[in-house]
Amino acid sequence: MSGSSATSGKLLLTTKSGSWVVDIGSLKTTIEFERHFNVSAQVLQLAPRVEYIAFMAWSAGRDAGYPLPDDFDTFLSELVKWDDVDQEGSANDVNPTDGGQ
């Protein structure tokens, strides 16, 4: 078993109060996910759910010190969107225009 987490990556997280880049791949965030949902983090690769990714983003954002609500459901009501962030730190366009398809 390797020491890496089951998920990795950065998300540009946008809420009603601001936008932040969060790294959802830390060991701490992965363990918090497993404790909260009582499932192995491998489920993130095998059968990911939007709620799982949102939880990882919320947990990572709170750990990074961003002003996110203490309650996950409150966070969900304030969440506007998230985008994948590439290695250089810019958001990937997940909905390209016709010219980018």
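Under the ring-ring contact (aromatic ring centres under 6.0 Å, His included) criterion, Tyr66 pairs with Trp20, sequence neighbours left out. Residues satisfying the side chain to side chain contact (heavy atoms under 4.5 Å, CB included) test with Pro69, not counting sequence neighbours, are Thr74, Phe75, Glu78. With sequence neighbours excluded, the residues forming a side chain to side chain contact (heavy atoms under 4.5 Å, CB included) with Val80 are Thr14, Lys16, listed by chain and number. Remark: Asp70 engages Arg62 in a side chain to side chain contact (heavy atoms under 4.5 Å, CB included) (not counting sequence neighbours). Take Glu51 and apply the salt bridge (Lys or Arg N to Asp or Glu O under 4.0 Å) test, not counting sequence neighbours, and it matches Arg49. Listed by chain and number, the residues in a salt bridge (Lys or Arg N to Asp or Glu O under 4.0 Å) with Lys81 are Asp83 (sequence neighbours excluded). Considering only residues two or more places apart in sequence or on other chains, Asn38 meets the side-chain hydrogen bond (donor to acceptor under 3.5 Å, both in side chains) condition with none of them.
The closest side-chain heavy-atom distance from Val22 to Thr29 is not below 4.5 Å.
A side chain to side chain contact (heavy atoms under 4.5 Å, CB included) with Ile24 is found for exactly one of Leu44, Leu11, Thr30, Leu13, namely Leu11.
Within the structure, salt bridge (charged side-chain N to carboxylate O under 4.0 Å, His left out) contacts touching residues 31-46 (residues at least two apart or in different chains) are Lys28-Glu32.
Rounded to the nearest 0.5 angstrom, Trp58 CH2 and Asp71 CG are separated by 7.0 Å. The distance from atom CZ of Phe55 to atom CZ of Phe72, rounded to the nearest 0.5 Å, is 6.5 Å.
Under a hydrophobic-cluster definition in which Ile, Leu, Val, Met, Phe, Trp and Tyr are linked whenever side-chain heavy atoms come within less than 4.5 Å, directly or via other members, Leu76 and Val50 are assigned to the same cluster.
Between Ser17 and Pro67 the shortest heavy-atom distance is OG-O, 4.2 Å.
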